[in-house]
Number of protein chains: 2
Amino acid sequence: MRQTTPPRRSDCPISYALDFVGDKWTLIVLRDLIIMRKQHFRDFLGADEKIASNILASRLKLLEAAGMLSRRRDPAHARQVIYEPTEKGLDLLPSMLELVRWSAKYDSRTAAPPALVRRIAEDRDAYIAEIRSLAKEAKTATRK
Amino acid sequence: MRQTTPPRRSDCPISYALDFVGDKWTLIVLRDLIIMRKQHFRDFLGADEKIASNILASRLKLLEAAGMLSRRRDPAHARQVIYEPTEKGLDLLPSMLELVRWSAKYDSRTAAPPALVRRIAEDRDAYIAEIRSLAKEAKTATRK
DNA sequence: CTGTATCCTTAGGGATACTG
DNA sequence: CAGTATCCCTAAGGATACAG
């Protein structure tokens, strides 16, 4: 399993982004973290795509090392770990939403809630702001 | 080398997009096709990332099968083939630009021309329109 | 519950030679 | 020029068991 970012192939910004998300799993984990607002290891494990526990662990580690998410113990349940997106992770939301829009346009079987798709098309920036504020809220709520 | 799209893992739109661009090379080829406006096999081969000819051929085939680009013979030079993005391919431009924006923000070494980065930040839609119109122009120009 | 540790398979990819 | 055809190898990924 991959534990480090591969060496950069060029100084192109697209290539740079691919060094992080150019595989089958990283964006799935980020989707669950940011859009689905999952917080616990078990939640990610339950995704429809059936990610294996070792793959999930390696991706969480990679994303943490890349500064895309942070980990901390749940203050209430000491055995649980809470994953939260960082600013750098949240900043990938626009890219993800454009991919959602693209898929919704070309794949009829794609199962994004129509309301979400409409929001992304008409009111993307407000949706991004909402996700960001929810993330900030969750962080302060569980911290105190 | 991969010749067909892998079976879909779920009906999630992000997962669907990853079925196409969830690897290290496909988006690089699309970048060259759409943003760099490359048209010939040799142009793609010359990219900084040093793609191998068999990988390139498999990606071009895959993208054609997916309806993201079209191939045709150059009417002037019968031995040459011209690749052009389709509507479906061009529609990935917004996603690519968001990735460029993200990389430009977090990677100081990223080599997007500053003017391009600024345009994407301030005037993304106009840039997209420009690329689209250039693509359409090229198509009609070489067809007649 | 949150991960590690193994084992194993396969597919993705690099190098290179070659063809119409 | 525009690809194919091979060979080879590694890393990515799946399954499963188990540990703190």
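Reminder, nothing fancy here: chain letters follow the sequence lines and each chain counts from 1.
- In this structure, B:Asp23 pairs ionically with B:Arg59, as a charged nitrogen and a carboxylate oxygen lie closer than 4.0 Å.
- Remark: B:Lys24, B:Trp25 in residues 14-36 of chain B come within less than 4.0 Å of DNA chain C through at least one heavy atom.
- Looking at A:Asp91 and B:Lys105, a side-chain N of the basic residue comes within less than 4.0 Å of a carboxylate O on the acidic one, giving a salt bridge.
- Ion pairing between A:Lys61 and A:Glu64 fails under the 4.0 Å rule for side-chain N and carboxylate O.
- A salt bridge links B:Asp32 with B:Lys38: the distance from a Lys NZ or Arg NE/NH1/NH2 to an Asp or Glu carboxylate oxygen falls below 4.0 Å.
- Remark: A:Arg72 engages A:Glu84 in a salt bridge, criterion side-chain N to carboxylate O under 4.0 Å.
- In this structure, A:His40 reaches the sugar-phosphate backbone alone: every heavy-atom distance under 4.0 Å involves primed, P, OP1 or OP2 atoms, never a base.
- Classification of A:Arg8 and B:Asp107 as a salt-bridged pair holds, one side-chain N sitting under 4.0 Å from a carboxylate O.
- With C:dC1, D:dG14, C:dG3 as the choices, the nucleotide that has an atom nearest any side-chain atom of A:Asn54 turns out to be D:dG14.
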Between protein and nucleic acid, restricted to nucleotides 17-20 of chain C and to nitrogen or oxygen atoms under 3.5 Å apart, what atom pairs and distances do you find?
none

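- Between B:Trp102 and B:Tyr106, the angle of the ring planes lies from 30° to 60°, which puts this pair in the tilted group.
- Among the protein residues, A:Arg71 comes within range of the sugar-phosphate backbone only, with heavy atoms under 4.0 Å from sugar or phosphate atoms but none that close to a base.
- Nearest-nucleotide positions on DNA chain C for A:Arg9 and A:Lys61 put A:Lys61 closer to the 5' end.
- To the nearest angstrom, P of D:dG13 lies 13 Å from CG of A:Leu56.
- Across all their heavy atoms, A:Phe44 and A:Gln39 have their closest contact at CE1-C, 4.1 Å.
- For the OP1/OP2 pair of D:dC1 and a distance below 4.0 Å, the side-chain nitrogens and oxygens of B:Tyr83 include no atom meeting the criterion.
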